[in-house]
**Q** 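Sharing a structure with you now.
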Amino acid sequence: MASILDEYEDSLSRSAVLQTGCPSVGIPHSGYVNAQLEKEVPIFTKQRIDFTPSERITSLVVSSNQLCMSLGKDTLLRIDLGKASEPNRVELGRKDDARVHKMFLDHTGSHLLVALSSTEVLYMNRNGQKARPLARWKGQLVESVGWNRALGNDSCTGPILVGTAQGQIFEAEISASEGGLFGAAPDLYFRPLYVLNEEGGPAPVCSLEAERGPDGRGFVIATTRQRLFQFIGRAVEDAEAQGFSGLFAAYTDHPPPFREFPSNLGYSELAFYTPKLRSAPRAFAWMMGDGVLYGSLDCGRPDSLLSEERVWEYPAGVGPGANPPLGIVLTQFHFLLLLADRVEAVCTLTGQVVLRDHFLEKFGPLRHMVKDSSTGHLWAYTERAVFRYHVQREARDVWRTYLDMNRFDLAKEYCRERPDCLDTVLAREADFCFRQHRYLESARCYALTQSYFEEIALKFLEARQEEALAEFLQRKLAGLKPTERTQATLLTTWLTELYLSRLGALQGDPDALNLYRDTRECFRTFLSSPRHKEWLFASRASIHELLASHGDTEHMVYFAVIMQDYERVVAYHCQHEAYEEALAVLARHRDPQLFYKFSPVLIRHIPRQLVDAWIEMGSRLDARQLIPALVNYSQGGETQQVSQAIRYMEFCVNVLGETEQAIHNYLLSLYARGQPASLLAYLEQAGASPHRVHYDLKYALRLCAEHGHHRACVHVYKVLELYEEAVDLALQVDVDLAKQCANLPEEDEELRKKLWLKIARHVVQEEEDVQTAMACLASCPLLKIEDVLPFFPDFVTIDHFKEAICSSLKAYNHHIQELQQEMEEATASAQRIRRDLQELRGRYGTVEPQDKCSTCDFPLLNRPFYLFLCGHMFHADCLLQAVRPGLPAYKQARLEELQRKLGAAPAPTKGSVKAKEAEAGGPSRDQLKADLDELVAAECVYCGELMIRSIDKPFIDPQDYEEEHRSWL
């Protein structure tokens, strides 16, 4: 057998390519260039399958990529189109003359029904290898089957509907399970539900379709030769009785609603269009005598499933009589009629024939045409050939049809991915709305097109539609790119002019008050729109000029606030002497620069409120920037002016903690001029350290001197550590103040004595008060009677100094006694030290023969050794080795030097000439050993500081740790 249905190996050179629908041509339009670089693939492409049947084809059905055909009267051919090279041939084994009347394949491609002309029905499952008779169905010539898409699966059909040539509708269910010899039959039940009648009585059920709506309702559409019936009702929810009996029971007493047409083909056929395999159908087409009834399917309607119905007449030369249609399939926008010698495709939107595809006579007449909803492929066959139609991008030119019908929304929906076509649709919609005087809608559409801007603007101007023009300009403005600044400036300026002109025209008309308010609100919405903010900001200068030229100060301020141009707003209020409003703007927006700029103006009119605003701003303001405004304001010298300045400066110093010298100097000047009582308190609060005060000391001294504030001057002198000047000035004010100043140089007794002598001289010579002079002498322990006597006059008697002289003599006597006691204590201490030295020279220790070195544990007496008072004993070399690592580097160098010199020095012998020569040329051997002992044996290595300093030293040297660690393994 030749290769069957291998679509990928079939040469396209043998395909018949058919272009349907409107031709795809470039649409010249402003802004787009549509150049078609390669030939566009047609919508319907016919392809003959490379298959030569061994017998004539009597029937063919396709579903879910499963194709079944009957050959002759006794052969079935099943093909999985995914594995087209592996067909499954099944012999029916019929001995009678019964032929295949019709075949029905469910939506899953699993359940095949073969209706025979002998009123028998055979069932075959996709996984089965033989056809099984349905005994309960015998005696019925099956014309149609309504599959259950909701409940059907690969193993069971679920409740289905069966229509017969006698007009009866049966409900049945088939199971694919195969029992043994006495197993259950595949047909679980087969019971009648309803009989369809026409005027002459029962009529064959030509088509059956069953669907379930989203709300759970069931819908059944059944057709006869002239009528289309609708059965609508609630589906049964019981799992054991999920059938159609309840739905049909509602029409026992009255017939269901139907459509009837007079002409008769002797048969009819119903086709559905389903966008996706698992979705609900959206459109239907009923082929009957008067033409094709086409419409939409709406499961949400309560009374009828059909909507938007219309009858398309058959094309010329097609209809009852000589050339009737044999079958129909429905796609998204076309229905295809099968005739004996050709296929004609009709657009469901216009009723125009867009395809006439003739077949060669050698293939014989066409028998039928079917559609595989899962793939969208269309299949047509004759007795000797099979053809397949590919449907590609069927909706590509539908937008043109909707455009011609003025259904612009649908036209735009089907050309969203084609900007040139979308532009054409929008331009046509805009023109249509303009002609209908729907100017605002027209403006919105024009703004989305690439039409010439000037033409559209002139069009609205000639029609005197300023509102629509403004809408057009706003839409254009919203669509500009950030780089198109020039266009943005033009549009924003033009829109502002339009609004201002309209407001000016409406303002004086009392009858148009509401319109004026609406226009003003639209203008403000335009000015405050976030989408236009960037463009308005860039054009703010020209817009302000327009507002000024129209004298619209209200919107000038409104626009300045929106643009955050608060400087202009504050300046406007100040010019109109609305100082409190200006301050309110400053306080609301809290911009320090605006405060600096407008404070000199505002402080002259509302000083208290302005200072309150300054204080509320807190640290956001730099007080140095406000000093010029305060200086200009306080030059008048009035108490209120100075008090407001002092209030803010005190806030800066006391609350904000300002340390700037300029601020403190200015506060000093204000105190000196307006509040002298606060001056000294401020200076004392600032402290007496010259490095911690924040004002200029020399400036403060000069300021206090100019205004005659002597106590303040004394304080500044004290801070400057000019104690002599402080005492001199304090003596002019108060002796007690001078005494305080004289005690300040605590570390310089000579200066302090000098200052007290100044005070004493002043008291004796200026005030001539001996008692006060004696009090000064008592206040300062540095002064003696002999220091003060030269200041007294000669006529003063000794009685005035008797007590002072006696006190002085007692002090001298006490000092002499203290010195004698210290000398006695020093003599006793020297004697104790000499006794201790004598005791140390006589101390000794005993070494036993069995004593060992504390380091190496060898007998001690074998080599030179050291014995410490703590009891530890070391060989000399062991002690040297233990002490060396803990010595500083310079002591280690000294130790090596001593060892080297000892090694080079000759051994001592009595009367040795060489020893005497060595002693004459350098330190003796004994001296070297003494130095070595001082380094090595100054303290016990285990009990001295060396051991304490080595407490953080690890027991194992880090460099030797790895080796030591391996030795333990």
Side-chain angles (χ1 to χ4, degrees), residues 18-24 42-46 207 209 211 221 223 228 230 259 261 265 268-276 279-299 301 304-319 324-339 342-357 369-373 376-380 389-415 421 425:
L18 304 165
Q19 171 68 48
T20 68
C22 301
S24 179
I43 296 176
F44 296 99
T45 303
K46 183 178 75 175
S207 298
E209 293 289 345
E211 293 294 337
I221 297 181
T223 66
L228 183 147
Q230 295 184 67
R259 306 283 193 279
F261 295 90
L265 288 173
S268 69
E269 185 172 352
L270 182 66
F272 277 5
Y273 166 70
T274 304
K276 297 180 181 178
S279 61
R282 291 187 180 179
F284 75 96
W286 179 38
M287 182 186 73
M288 39 82 180
D290 289 87
V292 176
L293 176 65
Y294 173 80
S296 300
L297 296 174
D298 186 359
C299 297
R301 298 182 63 184
S304 175
L305 183 63
L306 313 181
S307 64
E308 301 179 8
E309 306 167 49
R310 66 178 303 173
V311 177
W312 293 113
E313 296 181 357
Y314 290 119
V318 179
L326 304 177
I328 185 171
V329 294
L330 181 63
T331 64
Q332 186 177 6
F333 295 104
H334 301 84
F335 59 82
L336 283 77
L337 295 173
L338 182 77
L339 305 175
R342 66 185 184 273
V343 171
E344 294 194 4
V346 179
C347 178
T348 57
L349 300 177
T350 62
Q352 296 180 356
V353 177
V354 297
L355 165 68
R356 281 191 175 90
D357 183 21
M369 191 173 191
V370 295
K371 177 183 177 182
D372 186 353
S373 298
H377 293 160
L378 312 179
W379 298 80
Y389 285 92
H390 291 268
V391 183
Q392 296 180 333
R393 295 180 57 221
E394 184 181 4
R396 71 184 70 169
D397 293 319
V398 172
W399 66 272
R400 297 178 184 277
T401 304
Y402 282 127
L403 183 62
D404 295 335
M405 298 167 63
N406 292 333
R407 300 182 67 176
F408 302 109
D409 292 339
L410 290 173
K412 287 184 285 188
E413 181 179 349
Y414 286 100
C415 63
C421 303
V425 174

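Just so it is clear, the values below take in all heavy atoms, side chains as well, and ignore hydrogens, waters and symmetry mates.
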**Q** Taking all non-hydrogen atoms of both residues, which atom of L339 and which atom of P324 are closest, and how far apart?
**A**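 Distance-wise, the nearest heavy atoms are CD2-O, 3.8 Å.
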**Q** Measure the CZ-CG distance between R400 and L349 for me, rounded to the nearest 0.5 Å.
**A**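 Spacing of CZ (R400) from CG (L349) equals 14.5 Å.
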**Q** To the nearest 0.5 Å, how far apart are CG in L326 and CD1 in I328?
**A**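 CD1 of I328 is found 12.0 Å from CG of L326.
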**Q** Should Q230 and S304 count as side-chain neighbours, where that means a heavy-atom distance under 4.5 Å?
**A**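 A side-chain contact under 4.5 Å exists here.
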**Q** What's the spacing between S296 OG and R282 CZ if we round to 0.5 Å?
**A**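 Reported value, rounded in 0.5 Å steps: 10.0 Å.
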**Q** Under a 3.5 Å distance rule, please check whether E313 uses its side chain to pair with a backbone N or O of V292 as donor and acceptor.
**A**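 Side chain of E313 to backbone of V292: no pair is present.
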**Q** Are L265 and P325 packed together at the side-chain level, in the sense that at least one heavy-atom pair is separated by less than 4.5 angstrom?
**A**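 Yes, at least one pair of side-chain atoms sits under 4.5 Å.
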**Q** Side-chain contact test, heavy atoms from C-beta onward, threshold under 4.5 Å: evaluate it for L228 versus M288 and give yes or no.
**A**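 A side-chain contact is absent here, since even the closest heavy-atom pair is not under 4.5 Å.
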**Q** List the atom of C347, the atom of V354, and the distance in Å for their closest heavy-atom pair.
**A**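 It is CB-CG1, 4.3 Å.
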**Q** Mark yes or no for whether R396, through its side chain, and R393, through its backbone, hold a donor-acceptor pair below 3.5 Å.
**A**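 Pair found, side chain donor or acceptor close to backbone of R393.
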**Q** Scan side-chain atoms only and decide if T45 and Q392 contain a donor-acceptor pair under the 3.5 Å cut-off.
**A**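 Absent: no donor and acceptor within the cut-off.
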**Q** Without swapping roles, check the side chain of E394 against the backbone of F333 for a donor-acceptor pair under 3.5 Å.
**A**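 Yes, the answer is positive, given that a donor and an acceptor are paired below the 3.5 Å cut-off.
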**Q** OG1 of T331 to NZ of K371: how many Å apart, nearest 0.5 Å?
**A**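 Rounded to the nearest 0.5 Å, the OG1-NZ separation comes to 6.0 Å.
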**Q** Got a sec, which residues hit ring-ring contact (aromatic ring centres under 6.0 Å, His included) with Y273, two or more places apart in sequence or on another chain?
**A**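 Partners of Y273 under the ring-ring contact (aromatic ring centres under 6.0 Å, His included) test: none.
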**Q** Just to verify, what does Y402 make a ring-ring contact (aromatic ring centres under 6.0 Å, His included) with, not counting sequence neighbours?
**A**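 Per chain and number, Y402 pairs via ring-ring contact (aromatic ring centres under 6.0 Å, His included) with Y414.
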**Q** Are S207 and E269 close enough that a side-chain donor and a side-chain acceptor fall under 3.5 Å?
**A**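 Absent: no donor and acceptor within the cut-off.
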**Q** What's the separation between atom OG1 in T223 and atom CE in M287, rounded to the nearest 0.5 Å?
**A**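 Atom-to-atom, T223:OG1 and M287:CE are 9.5 Å apart.
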**Q** Determine, step by step, whether L293 and F284 satisfy the side-chain contact (heavy atoms from CB on, under 4.5 Å) criterion, reporting the C-alpha distance in whole Å, the side-chain angles of both residues, the deciding distance to 0.1 Å, and the verdict.
**A** CA-CA 8 Å; L293 176 65; F284 75 96; 3.9 Å; yes
**Q** Dump the intermediate steps for side-chain contact (heavy atoms from CB on, under 4.5 Å) on Q352 and V346, then the final yes or no.
**A** CA-CA 5 Å; Q352 296 180 356; V346 179; over 6 Å; no
**Q** For E211 and C299, what are the C-alpha separation, side-chain angles and deciding distance, and is it a side-chain contact (heavy atoms from CB on, under 4.5 Å)?
**A** CA-CA 9 Å; E211 293 294 337; C299 297; 5.5 Å; no
**Q** Does any part of the side chain of P315, heavy atoms only, come nearer than 4.5 Å to the side chain of L337, both counted from C-beta?
**A**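 L337 vs P315: side chains touch.
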**Q** Step by step, would you call L336 with L378 a side-chain contact (heavy atoms from CB on, under 4.5 Å)?
**A** CA-CA 9 Å; L336 283 77; L378 312 179; 3.7 Å; yes
**Q** Do H377 and H390 have side chains that approach each other closer than 4.5 Å (heavy atoms only, starting at C-beta)?
**A**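 Counting from C-beta outward, H377 and H390 do come under 4.5 Å.
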**Q** Can you name the one residue among I221, L305, L330, T274 that meets side chain to side chain contact (heavy atoms under 4.5 Å, CB included) with P281?
**A**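 Between P281 and the candidates, side chain to side chain contact (heavy atoms under 4.5 Å, CB included) is satisfied uniquely by T274.
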**Q** Between OH of Y294 and NE2 of H334, what distance do you get to the nearest 0.5 Å?
**A**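 The NE2 atom of H334 is 10.5 Å from OH of Y294, to the nearest 0.5 Å.
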**Q** Please enumerate all residues that pass ring-ring contact (aromatic ring centres under 6.0 Å, His included) together with F261, with sequence neighbours excluded.
**A**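 For F261, the residues satisfying ring-ring contact (aromatic ring centres under 6.0 Å, His included) (neighbours in sequence not counted) are W286.
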**Q** Side chains of L297 and L306, heavy atoms from C-beta outward: is any pair under 4.5 Å?
**A**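 They are in contact (side-chain heavy atoms under 4.5 Å apart), so the answer is yes.
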**Q** Mind telling me whether Y389 and F44 have parallel, tilted or perpendicular rings, with 30° and 60° as the class edges?
**A**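 Ring orientation of F44 relative to Y389: perpendicular.
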**Q** Is it true that R342 and E344 make a salt bridge, defined as a side-chain N closer than 4.0 Å to a carboxylate O?
**A**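 Yes, R342 and E344 are salt-bridged.
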**Q** Does the side chain of W379 come within less than 4.5 Å of M369's, by heavy atoms?
**A**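 Counting from C-beta outward, M369 and W379 never come under 4.5 Å.
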**Q** Locate the shortest heavy-atom distance separating W399 from C421; write the atom from each residue and the value.
**A**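 Shortest heavy-atom contact: CZ2-SG, 3.3 Å.
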